[in-house]
Protein chains: 2
Amino acid sequence: MIRSTSQRRAIRRVFEESGRPLSPLEILEAARDEVPRIGIATVYRTVKGLLEDGWLAAVQVPGEAPRYEIAGKPHHHHFHCRSCGAVFDVQGCSPAIKSLSPRGYQTEGHDLVFFGRCPSCKRR
Amino acid sequence: MIRSTSQRRAIRRVFEESGRPLSPLEILEAARDEVPRIGIATVYRTVKGLLEDGWLAAVQVPGEAPRYEIAGKPHHHHFHCRSCGAVFDVQGCSPAIKSLSPRGYQTEGHDLVFFGRCPSCKRR
DNA sequence: ATCTCTGCAAATGTTTTGCATCAGC
DNA sequence: GCTGATGCAAAACATTTGCAGAGAT
C-alpha cells in the first residue's frame, strides 16, 4: 500500500461515505461510480492491504459473506437483518459478557451479533 | 432424508462422538473411517438434510468455514482458538446480553463467539 | 421392482494469482 | 525510468448439481 491511486482513493471514499459494513461486491459497485474500469481483484487486493494497515476491520456475520468497515471505531456489535440481509452497527457492550468467557481459556476478545428484522423490514 | 444408509449412519455417529462443532471436511475425514468411499457431496447433502430436519445446527465463527453441531443443546456460545483453529462450546448466557439489543429492531436471537487461545495452545 | 441415495465429474460462485501493461513517484 | 499497482484471464478453492448406477425398502 505504497502508492495513492485513483482506485484506492475511491475505495476509501466508499467506506467513508457508507455508515455500515460492506461486502467486496458492494465495494466494487460503489467504487465503479468513480472508477468504472476497476476490477474485483483490485477490490480484494486493496481490502487485504487496508486490513493489514489496520484501516479496515472485518465484520463476519454467521452465514453471510465477509464484510468490512473502517477500523478504530469504539468497540461495538452488529445486527443482521434476516429479511433484507443488511448489517448494522449496534452501540454498547456489557462487562457481563466478559464474565461469561470460559475458565482455562485465554480470551482475547469476543464478537456479538444480534439477528432479527431491521426497523424497515419489521413493518412489513 | 427418507432412507437409512450407511453413509448417513456414519455421519450421525461422527457428530455423536465429537463433542464440538465440525466442518464438512472434518466430517468427511471422520466418516471415512467407517465408510471409506463416501464422497464430499454426500456430506454436504446429508448436512443439509439434517439441518432441515432440525437434527443439526450451524455454527458460524467469524473468518472460518461453517461448522455444524447436534441441535437441541441448551443455549450456549462458542470459543474459537486462533492458534489451532478449533471451536469449542462455552456454557452459559447472561440476561445482560438481551438488554444490549438495539431499540427499534426486532431481535430474534444472538450469536456470541469468544476468541483467543484454548487451554492446550495457551501453554506454548 | 421401485425410487431414493450415492459417487463421480462437471458446473457454479467466490477469492487468489500470474502476467503484461499502466501510472505514481 | 523504475517499480508498484491494475485489469484481465486463468487458477485455486469451496459448494452445488446432473446423471447413471447402487442399494434400501
Side-chain angles (χ1 to χ4, degrees), chain A residues 1-15 21-69 71 80 82 85-87, chain B residues 1-15 21-69 80 82 84-87:
Chain A
M1 303 296 289
I2 295 169
R3 296 181 181 172
S4 168
T5 65
S6 62
Q7 291 88 339
R8 289 177 181 176
R9 284 190 298 273
I11 288 173
R12 268 196 284 251
R13 192 159 322 158
V14 165
F15 280 106
L22 300 172
S23 68
L25 223 57
E26 288 172 325
I27 300 165
L28 179 70
E29 281 161 16
R32 279 198 165 146
D33 291 346
E34 211 172 312
V35 185
R37 295 183 50 74
I38 191 173
I40 187 70
T42 298
V43 172
Y44 280 106
R45 278 187 283 232
T46 303
V47 165
K48 195 174 199 178
L50 291 172
L51 282 172
E52 282 165 9
D53 292 355
W55 197 88
L56 278 183
V59 176
Q60 295 270 353
V61 165
E64 288 284 302
R67 288 151 190 269
Y68 304 91
E69 67 181 1
H80 175 219
R82 288 197 162 162
V87 174
Chain B
M1 301 295 289
I2 294 169
R3 296 183 180 169
S4 168
T5 66
S6 62
Q7 292 88 339
R8 288 176 183 177
R9 284 191 297 274
I11 288 173
R12 268 195 284 251
R13 192 157 322 156
V14 165
F15 279 107
L22 299 172
S23 68
L25 224 58
E26 288 172 325
I27 301 165
L28 179 70
E29 282 161 15
R32 279 197 165 149
D33 291 346
E34 213 173 313
V35 185
R37 294 183 53 73
I38 191 173
I40 187 71
T42 298
V43 172
Y44 280 107
R45 279 187 283 232
T46 303
V47 165
K48 197 174 198 176
L50 291 172
L51 283 171
E52 282 164 8
D53 292 356
W55 196 88
L56 278 183
V59 176
Q60 295 270 354
V61 166
E64 287 285 300
R67 288 152 191 269
Y68 305 91
E69 66 181 1
H80 176 219
R82 288 196 162 162
C84 68
V87 174

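Please read these numbers as outputs of a predicted model, since none were measured by experiment. Residue numbers begin at 1 in each chain, while the letters A, B, ... track the order of the sequences.
Between B/Q60 and B/P66 the shortest heavy-atom distance is NE2-CB, 3.3 Å. Taking each heavy atom of A/G54 and A/A71 in turn, the nearest pair found is O-CB, 3.2 Å. Taking each heavy atom of A/P21 and A/E69 in turn, the nearest pair found is CG-OE1, 3.6 Å. Listed here is the closest heavy atom pair of A/A31 and A/I38: CB-CD1, 4.2 Å.
Of the residues near DNA chain D, A/R37 and B/I40, the one whose nearest nucleotide (by heavy atom distance) lies more toward the 5' end is A/R37.
In this structure, the side chain of B/T46 engages the main chain of B/T42 through a donor-acceptor pair within 3.5 Å.
Applying a 4.0 Å cut-off to non-hydrogen atoms, none of the residues of residues 46-54 of chain B approaches DNA chain C. Residues of residues 22-31 of chain B having a heavy atom closer than 4.0 Å to DNA chain D: none are found. Scanning residues 2-11 of chain A for heavy-atom distances under 4.0 Å to DNA chain C yields A/R3, A/S4.
Distances shown here put every side-chain N or O of B/R45 at or beyond 4.0 Å from the OP1 or OP2 atom of C/dG7.
From B/K48, atom NZ reaches atom CG of B/L56 across 14.0 Å, with rounding to the nearest 0.5 Å.
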Without placing hydrogens or testing angles, list every side-chain donor-acceptor pair under 3.5 Å for residues 4-12 of chain A, not counting sequence neighbours.
{"residue": "A/S4", "atom": "OG", "partner": "A/R9", "partner atom": "NH1", "Å": "3.0"}
{"residue": "A/T5", "atom": "OG1", "partner": "A/R8", "partner atom": "N", "Å": "3.3"}
{"residue": "A/R8", "atom": "NH1", "partner": "A/R3", "partner atom": "O", "Å": "3.2"}
{"residue": "A/R9", "atom": "NH1", "partner": "A/S4", "partner atom": "O", "Å": "3.2"}

Donor-acceptor list for residues 23-30 of chain B side chains, cut-off 3.5 Å, not counting sequence neighbours:
{"residue": "B/S23", "atom": "OG", "partner": "B/E26", "partner atom": "N", "Å": "3.3"}
{"residue": "B/S23", "atom": "OG", "partner": "B/E26", "partner atom": "OE1", "Å": "3.4"}
{"residue": "B/E26", "atom": "OE1", "partner": "B/S23", "partner atom": "N", "Å": "2.8"}
{"residue": "B/E26", "atom": "OE1", "partner": "B/R67", "partner atom": "NH1", "Å": "3.4"}

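Using a 4.0 Å heavy-atom cutoff across all strands shown, B/P66 reaches sugar-phosphate atoms only and no base atom.
Rounded to a whole Å, the CE atom of B/M1 is 13 Å from the C1' atom of C/dT6.
Counting heavy atoms from C-beta outward, B/L22 and B/F15 have side chains that approach closer than 4.5 Å.
Nucleotides of DNA chain D that come within less than 4.0 Å of any heavy atom of chain A span, from the 5' end to the 3' end, D/dT3 to D/dC8.
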